[in-house]
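None of the values given here were measured: they were computed from a predicted structure. Throughout, protein chains are lettered first and strands after them, A, B, ... in sequence-line order, and every chain is numbered starting at 1.
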Amino acid sequence: MLYNTLKREKQVFVPQDPARVTLYACGPTVYNYAHIGNARPAVIFDLLFRLLQQRYAQVIYARNITDVDDKINTAAAEQKVPIEVISKRFSDAYHADMAALGVGLPSVEPRATDHIPNMIRMIERLLESDHAYEVDGHVLFAVESYADYGLLSGRDMQEMIAGARVEVAEFKRHPGDFVLWKPSIPPQPGWDSPWGWGRPGWHLECSVMCEEHLGETVDIHGGGQDLVFPHHENEIAQSVCSHGGNVFAHYWMHNGFVTVNKRKMSKSLGNTLVVHELLKHTPGEVLRYLLLSAHYRQPLDWSDEALVRVRRTIDRIYGVLRDASSKHGPVSAADSPSDEFMETLLDDLNTPQALAELNNEARRLANAENQEVAKQSAGKVLAAGALMGLFQCDPQAWLAGDTEGVDETLIQQLIDERAVARENRNFTRADEIRDQLLGMGIVLEDVADGCRWRRADADRV
RNA sequence: GGCCAGGUGGCAGAGUGGUUAUGCUGCGGCCUGCAAAGCCGUCUACGCCGGUUCGAUUCCGACCCUGGCCUCCA
């Protein structure tokens with residue numbers, strides 16, 4: 001069951017071919033570090049990919065890297081380095097950041113620059129069928145040649161012209177026409193083409209890479225909500241028109257925005273949160289949980305309070321897992337999560353409710369009175385976590401936190417000294433030691449078989 | 001102006017025509033030498049006004065408000 005932007009309703013997902021399910025998600029343009037808004041679709045479609053793989057024998061998930069774009073050219077010019085340096089640096093960073101968020105690699109990760117000949121062929125087909133025209137070294141797509149243009153975004157071209165706020169380039173036949181190919185001037189990147197030396201327009205790479213790696217028609221195509229128009233609308237136009245009218249994608253999924261303190265994240269507001277930076281202070285798992293804590297189609301508000309909240313929730317669950325294994329022996333993931341969990345996740349990726357189910361199971365685990373119940377509950381928690389990319393760390397290691405800069409020997413000495421003091425019922429001294437450690441950011445927990453310590457929340461978020 | 005979302009308890013955030021979401025916080029309790037951790041309990045939730053209904057937060061209509069897109073953007 002998936003919400004389809006095209007139909008504006010939830011639909012039962014029926015693949016064209018259950019033996020080969022295809023998913024395409026718009027990946028990053030590599031001109032800068034990924035911000036948390038880029039991470040949201042990466043995490044969501046990673047989860048969708050995991051779910052599909054559970055249900056279908058073969059799932060091909062393509063997530064592209066756009067490595068030819070004017071923003072890359074600008075970044076290269078500013079930093080006075082070749083564009084390849086920029087695209088290499090930030091695609092590497094993207095991989096590292098996404099890996100930290102538990103995002104696996106897609107089946108294929110095509111790059112725009114590896115598909116220039118195919119792009120040229122697609123443009124030629126569009127020219128031949130009069131869906132495109134050439135002017136001064138530019139090739140433009142003629143939106144009037146495609147009757148269904150605007151269907152995905154629910155737009156009427158006439159109305160859009162009336163409300164247009166942007167000056168239209170002289171050479172366009174219709175204000176909505178968009179560039180398929182444009183001339184380049186060094187140091188801009190360029191390739192030889194029938195229309196001179198130049199480079200592809202934005203939208204084209206996704207159409208071509210879908211065609212190349214997944215086929216003319218894909219099952220699911222996804223991306224951020226802001227891509228609905230014009231990016232995906234234009235992709236549809238190009239693909240349908242160059243494929244003799246064949247459907248481009250059956251299901252369209254779009255994720256909502258990440259806002260920061262209720263405001264849309266944007267460069268102009270200076271409130272973009274870069275994953276690379278967030279990871280310096282926050283484990284990727286916390287970021288992932290937070291990204292999954294709201295439904296993917298809803299806006300997600302990012303704040304320090306939210307980060308703290310998620311941190312505490314995760315700590316509690318790891319704590320329950322740790323206590324369970326020390327009380328009932330080692331636990332491992334069950335074959336599958338609970339039915340409730342799967343059901344809700346399969347209902348248009350209802351991750352908040354799925355996490356609620358996971359929390360319910362964790363509570364059952366904490367309340368488990370015997371080993372059998374405990375192992376069963378722990379198995380469900382771990383299986384659910386595995387599917388969502390959460391709770392795969394060793395609980396003890398997670399709770400100990402980052403021990404860098406912590407003098408473990410000194411802590412142990414103090415704990416031993418405190419144990420002696422407690423033995424002698426010298427609680428004044430014992431509490432003194434506990435306060436001293438707290439001052440160092442260390443919290444003590446007395447348990448049946450001794451005393452364990454962890455870093456205080458404040459130092460770990 | 002056009003199009004599209006959404007307004008839920010202190011906060012975050014699901015969901016449902018009649019029954020506990022879940023998490024975080026606060027408060028009370030169990031446990032503890034005291035704590036911490038964990039557990040239990042708890043805090044008169046569904047923007048406003050009509051309508052349908054035995055019954056609406058949930059369906060229908062009007063209204064108010066918020067956000068997004070229409071230009072590069074996940």
Novice: Within the supplied structure, the quantity of interest is the number of heavy atoms (other residues, nucleotides, ligands) at a distance under 6.0 Å from A/E369 CD; does it exceed 12?
Specialist: no
Novice: I want to check one thing: is the phosphate of B/C34, taken as OP1 and OP2, less than 4.0 Å away from some side-chain N or O of A/R425?
Specialist: no
Novice: Flag this pair as yes if the NZ/CZ of A/K264 is under 6.0 angstrom from the six-membered ring centre of A/F257 and inside a 45 degree cone about the axis; otherwise no.
Specialist: yes
Novice: Considering Watson-Crick and G-U wobble pairs with both distances under 3.5 Å, what does B/U16 pair with?
Specialist: none
Novice: Can you tell me whether the side chain of A/N350 and the base of B/G15 have a donor-acceptor pair closer than 3.5 Å?
Specialist: no
Novice: Please report the distance, rounded to the nearest Å, between CD in A/E305 and P in B/A12.
Specialist: 10 Å
Novice: What nucleotide among B/C40, B/A37, B/A14 has an atom nearest to a side-chain atom of A/D323?
Specialist: B/A37
Novice: Could you tell me the separation between the CZ atom of A/R297 and the C1' atom of B/A5, rounded to a whole number of Å?
Specialist: 10 Å
Novice: From C-beta outward on A/L227, which listed nucleotide comes closest to its side chain: B/U22, B/A74, B/A14?
Specialist: B/A74
Novice: Could you check how far CG of A/N360 sits from C1' of B/A14, rounded to whole Å?
Specialist: 12 Å
Novice: Any idea which of B/A37, B/G38, B/G23 is nearest the A/V320 side chain?
Specialist: B/G38
Novice: Under 4.0 Å: is that the gap between some side-chain N or O of A/N367 and OP1 or OP2 of B/C40?
Specialist: yes
Novice: More than 12 foreign heavy atoms under 6.0 Å from CD of A/Q376: is that the case here?
Specialist: no
Novice: Looking at A/F427, is A/R422 sitting on its ring face, NZ or CZ under 6.0 Å from the six-membered ring centre and within 45 degrees of the normal?
Specialist: no
Novice: Return yes if some donor-acceptor pair links the side-chain N/O of A/Q188 with the main-chain N/O of A/I185 below 3.5 Å, else return no.
Specialist: yes
Novice: Does A/K264 reach a base, just sugar-phosphate, or nothing at all? Heavy atoms under 4.0 Å.
Specialist: base
Novice: Spell out yes or no: do the side chain of A/R434 and the base of B/C34 have one donor N/O and one acceptor N/O closer than 3.5 Å?
Specialist: yes
Novice: Assign the ring pair A/H232 / A/H254 to parallel, tilted or perpendicular, where the plane angle (0 to 90°) is split at 30° and 60°.
Specialist: tilted
Novice: For a quick test of reading the model: is some side-chain N or O of A/N359 closer than 4.0 Å to OP1 or OP2 of B/U22?
Specialist: no
Novice: Given B/G38, B/A5, B/A74, which nucleotide is nearest the side-chain atoms of A/H35?
Specialist: B/A74
Novice: What's the gap between B/U16 and B/G28 when it is taken at their P atoms, as a whole Å value?
Specialist: 36 Å
Novice: Choosing from B/A36, B/A74, B/G15, which nucleotide comes nearest the side chain of A/D226?
Specialist: B/A74
Novice: For A/D69 and A/K71, indicate whether the former's side chain and the latter's backbone hold a donor-acceptor pair under 3.5 Å.
Specialist: yes
Novice: Sticking with atom C1', work out how far B/G7 lies from B/A14, rounded to a whole angstrom.
Specialist: 15 Å
Novice: According to the Watson-Crick and G-U wobble definitions, with both distances under 3.5 Å, which nucleotide is paired to B/G1?
Specialist: B/C70
Novice: Tell whether A/R40 reaches the base of B/A74 with its side chain through a donor-acceptor pair below 3.5 angstrom.
Specialist: no
Novice: Whole angstroms only, please: what is the OH-C1' distance between A/Y289 and B/A12?
Specialist: 11 Å
Novice: Roughly how far apart, to the nearest Å, are B/A35 and B/C43 at atom C1'?
Specialist: 25 Å
Novice: From B/A74, B/A37, B/G38, pick the nucleotide closest to the side chain of A/N38?
Specialist: B/A74
Novice: B/C34 phosphate, OP1 or OP2: any side-chain N/O from A/R422 under 4.0 angstrom?
Specialist: no
Novice: Which one is paired to B/C63, where only Watson-Crick or G-U wobble pairs with both distances under 3.5 angstrom count?
Specialist: B/G47
Novice: Distance check, C1' atoms only: B/A45 and B/C11, in whole angstrom units.
Specialist: 13 Å
Novice: Distance check needed: B/U16 P versus A/E343 CD, whole Å only.
Specialist: 12 Å
Novice: If you check the A/A294 side chain, which of B/G38, B/U22, B/A14 turns out closest?
Specialist: B/A14
Novice: Distance check: side-chain N/O of A/R452 vs OP1/OP2 of B/A36, anything under 4.0 Å?
Specialist: no
Novice: In whole angstroms, how far is the P atom of B/U22 from the CD atom of A/E357?
Specialist: 10 Å
Novice: Please report, rounded to the nearest Å, how far the P atom of B/U22 is from the CG atom of A/L365.
Specialist: 17 Å
Novice: How is A/G319 classified with respect to the nucleic acid when contacts are heavy atoms under 4.0 Å: base, sugar-phosphate, or nothing?
Specialist: nothing
Novice: If you pin A/A362 and A/T344 to their nearest nucleotides in RNA chain B, which one's is more 5'?
Specialist: A/T344
Novice: Using the P atom on both, measure B/C31 against B/C40 and round to a whole Å.
Specialist: 16 Å
Novice: Which part of the nucleic acid, if any, lies within reach of A/G224 when heavy atoms closer than 4.0 Å are counted: base, sugar-phosphate only, or nothing?
Specialist: sugar-phosphate
Novice: B/A74, B/A37, B/G23: which one has an atom nearest the side-chain heavy atoms of A/M265?
Specialist: B/A74
Novice: With heavy atoms under 4.0 Å as the rule, sort A/A366 into base, sugar-phosphate or nothing.
Specialist: sugar-phosphate
Novice: Decide yes or no, distance alone: a donor-acceptor N/O pair under 3.5 angstrom between the base of B/C34 and the side-chain of A/D446.
Specialist: yes
Novice: Partner of B/G28 by Watson-Crick or G-U wobble geometry, both contacts under 3.5 Å, or none?
Specialist: B/C40
Novice: Of all the nucleotides listed (B/A12, B/G68, B/C39), which has the minimum atom distance to the side chain of A/F257?
Specialist: B/G68
Novice: Indicate, with a heavy-atom threshold strictly under 4.0 Å, whether A/R63 touches base, sugar-phosphate, or nothing.
Specialist: nothing
Novice: Can you measure A/L390 atom CG to B/U22 atom C1' for me and round it to whole angstrom units?
Specialist: 15 Å
Novice: So A/H276 and A/Y33, would you call those rings parallel, tilted or perpendicular, with 30° and 60° as cut-offs?
Specialist: parallel
Novice: Considering only B/A74, B/C34, B/A36, which nucleotide approaches the side chain of A/D431 most closely?
Specialist: B/C34
Novice: Assess A/R155 against A/F229: is NZ or CZ under 6.0 Å from the centre of the six-membered ring, and within 45 degrees of the ring's axis?
Specialist: yes
Novice: Could you tell me how far B/A74 sits from B/G13 if I compare only their P atoms? Round to whole Å.
Specialist: 23 Å
Novice: Using a 4.0 Å heavy-atom cut-off, does A/V258 contact any base of the nucleic acid, only the sugar-phosphate backbone, or nothing at all?
Specialist: base
Novice: What's the gap between B/C39 and B/U58 when it is taken at their P atoms, as a whole Å value?
Specialist: 34 Å
Novice: For the P atoms, the ones on B/U53 and on B/G15, what distance do you get once it is rounded to whole angstrom?
Specialist: 29 Å
Novice: Between A/Y296 and A/Y31, which is nearer to the 5' end of RNA chain B once each is assigned its nearest nucleotide?
Specialist: A/Y296
